[in-house]
Amino acid sequence: MSPRVDKVDHPESTALARDLYEALANGDRQRLVKLLHPQFVGHATEGLPLGLGGDYRGPDEMRRDFWGKIAKSFTARAQPGDFRTLDDGRLMVLGRYVGEARSSGGKLDAEFIHILSFTEGQISGLSQLTDSERWAKAMRPDEAVSGLSVVEFTVEGGLATLRMNRPEAHNAINATMAEELYEVAQRCANDPAIRAVLVLGNGKSFTVGGDLAFLADTKEGELPGLLRAMTSPYHEALRIFSRLSVPIVAGVQGAAAGGGLGMMYCADIVLAADNLKIAMGFGAIGLSMDGANSWFLPRLVGMRRAAELYFEERVLDASEALEWGLVNRVVPLAELQAQALACASRLASGPTRAYGEVRRLYRESLSATLAEQLGAETEALCRAATTADATGAIASFVGKRRPVFSGR
């Protein structure tokens, strides 16, 4: 039986988490004994090499059969980067595993999300999400493993292109896609060469949202945990995309539904094919919503229409989506990808730093007073004015020349 989970304030939970990572890095068994609750439960990502994925009951089993086996096969260290307290009092930790496989010398570099639970001042649970393929790749470095299986990602000429790639399932989001979208979001945030992002879905649909076939296979009582495990990396991906300092263009076609709408919401410019159908679909399966629908929809379409879309299970066609303000323009299906690429390429050759300031201004205006926003505009304007793009463009304008932006 799992222990009672206590709500712990952020400083205390963060201190316990930091102690855990330090104890693991130093191999400090006695410290782990003090940190882990006797009824500790751990869950590791399915698909990890060496059969490491799955559940671990009790601190001894976690130390011996998970952390111990990792230490025998890897010189790896978990480097936490961000600590966030969840509404239920648990702690979400985002970071990276770095190191190498002992047998092959292959390098390990994989993001992780840890969800920590606390009971009686100790850590009583740890649920891990990480890219299992990167762990496997470290053990067989000579094999060509991209690290991505259901999301295609390329960067060329400053333009990052993301394609959701489960066309046979209408790009339904399963656990693998959720983790890979998070991975791609991290790559976009950390690559200074990227000046714009294009988001597409391969096949007939943009994305139908959560993979119901995947969820239907869940055993009784496990659905909440599975949904939490899936939404954690996916929601973190949406947060990162929404806060990128480069513009995002989305080309959407066919079905765009459920939590998958979040990938559309993060875009600044949305081009819709004339066959687009937008729906929530949550109420029909007895669920509320995810994918930032409750945040974006009221802001984009108003509270009444947001309520109508969910409670009345409305399905919007492309012209209605345009009227409601969910997309910027509608184009023929045959022209969607070409027009979306042209739009994104134009933005990738623009004043990137200024675009980033505007993205931030728009986002922060939603919670700012007028006086605060006016001050923010002045500061952003002054930062943009220090860039080579601004000074070069002003000189070009005066000289009646077309400006060329470098993104600096």
Side-chain angles (χ1 to χ4, degrees), residues 2-3 13-83 90-119 121-143 145 147 175-176 179-180 182-183 186 225 229 232-233 236:
S2 298
S13 62
T14 300
L16 286 169
R18 289 189 184 279
D19 280 349
L20 173 66
Y21 295 117
E22 186 174 337
L24 290 172
N26 297 327
D28 191 336
R29 180 182 174 87
Q30 293 305 314
R31 199 168 180 183
L32 287 174
V33 169
K34 294 179 180 179
L35 283 169
L36 301 183
H37 191 273
Q39 292 180 279
F40 175 90
V41 176
H43 177 78
T45 300
E46 300 294 344
L48 282 171
L50 307 172
L52 291 170
D55 294 329
Y56 297 85
R57 298 281 175 180
D60 289 339
E61 188 173 301
M62 189 72 176
R63 287 196 305 266
R64 180 186 64 247
D65 296 337
F66 183 69
W67 290 321
K69 287 183 178 179
I70 286 179
K72 289 180 180 178
S73 299
F74 292 88
T75 56
R77 183 186 182 103
Q79 296 182 337
D82 195 8
F83 299 82
R90 296 185 304 165
L91 185 71
M92 179 168 69
V93 185
L94 293 88
R96 302 187 76 86
Y97 292 113
V98 295
E100 63 181 39
R102 294 184 185 275
S103 60
S104 67
K107 299 300 182 184
L108 172 66
D109 184 3
E111 285 96 352
F112 69 74
I113 297 176
H114 290 163
I115 306 293
L116 300 179
S117 304
F118 305 93
T119 304
Q122 293 177 295
I123 299 172
S124 57
L126 186 157
S127 180
Q128 175 219 50
L129 284 170
T130 188
D131 188 340
S132 59
E133 193 171 5
R134 284 180 173 258
W135 286 79
K137 168 64 174 173
M139 299 187 73
R140 40 183 169 80
D142 294 333
E143 296 183 19
V145 179
T176 301
E179 292 172 13
E180 292 189 6
Y182 170 63
E183 165 72 15
Q186 290 275 27
S232 292
E236 182 60 18

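- To the nearest 0.5 angstrom, His114 atom NE2 is 12.0 Å from Ser232 atom OG.
- Note on ring orientation: taking the six-membered ring where Trp is involved, the planes of Phe74 and Trp135 are perpendicular (angle over 60°, cut-offs 30° and 60°).
- Residues Gln39 and Thr119 fail the side-chain proximity criterion, which asks for heavy atoms closer than 4.5 Å.
- Every pair passing salt bridge (charged side-chain N to carboxylate O under 4.0 Å, His left out) that includes a residue from residues 30-39 is listed here, sequence neighbours excluded: Asp19-Arg31, Glu22-Arg31.
- Among the candidates Glu180, Glu179, Glu183, Glu100, the single residue satisfying the salt bridge (Lys or Arg N to Asp or Glu O under 4.0 Å) test with Arg134 is Glu183.
- Side-chain contact between Leu36 and Gln122: absent, with no pair of heavy atoms (C-beta onward) separated by less than 4.5 Å.
- Between the CG atom of Leu129 and the CD atom of Glu236 there is a distance of 11.5 Å, given to the nearest 0.5 Å.
- Across Ala138 and Ser104, no two heavy atoms sit closer than the pair O-OG, 2.6 Å.
- Scanning all heavy atoms of the two residues, the minimum distance from Ala78 to Pro80 falls at O-CD, 3.3 Å.
- In plain terms, the two heavy atoms of Pro38 and Pro59 that are nearest each other are O-CD, 3.4 Å.
- Note: Trp67 and Phe40 have tilted aromatic rings, judged against thresholds of 30 and 60 degrees for the angle between ring planes.
- With values rounded to the nearest 0.5 angstrom, Asp65 atom CG is found 11.5 Å from Ile70 atom CD1.
- Contact of the Met92 side chain with the Ile113 side chain is registered, since non-hydrogen atoms from C-beta on lie closer than 4.5 Å.
- In summary, Asp109 and Arg96 engage in a salt bridge, as defined by a charged side-chain N under 4.0 Å from a carboxylate O.
- Rounding to the nearest 0.5 angstrom, the gap separating the CG atom in Leu20 from the CG atom in Leu32 is 6.5 Å.
- Under the 4.5 Å side-chain criterion, counting only non-hydrogen atoms from C-beta, Phe118 is in contact with Leu91.
- Under the 3.5 Å distance criterion, the side-chain polar atoms of Ser117 are left unmatched by any main-chain donor or acceptor of Ser124.
- One finds the CD atom of Glu46 at 11.0 Å from the OG1 atom of Thr176 (value rounded to the nearest 0.5 Å).
- Under a 3.5 Å cut-off, the side chain of Ser127 and the backbone N or O of Ile115 do not form any donor-acceptor pair.
- Across all non-hydrogen atoms, the minimal contact from Asp55 to Glu61 is O-OE2, 3.8 Å.
- Listed here is the closest heavy atom pair of Tyr182 and Pro233: CB-O, 3.5 Å.
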| message | Run Val41 and Tyr56 through side-chain contact (heavy atoms from CB on, under 4.5 Å) and show every step you take. | response | CA-CA 6 Å; Val41 176; Tyr56 297 85; over 6 Å; no

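- Checked by atom type and distance alone, the side chain of Ser103 never pairs as donor or acceptor with a backbone atom of Met139 at under 3.5 Å.
- The distance from atom CZ of Arg64 to atom NZ of Lys69, rounded to the nearest 0.5 Å, is 8.5 Å.
- Taking every heavy atom of both residues into account, Leu50 and Ser73 meet most closely at CD1-OG, 3.2 Å.
- The closest donor-acceptor contact from the side chain of Arg90 to the backbone of Leu126 lies at 3.5 Å or more, if one exists at all.
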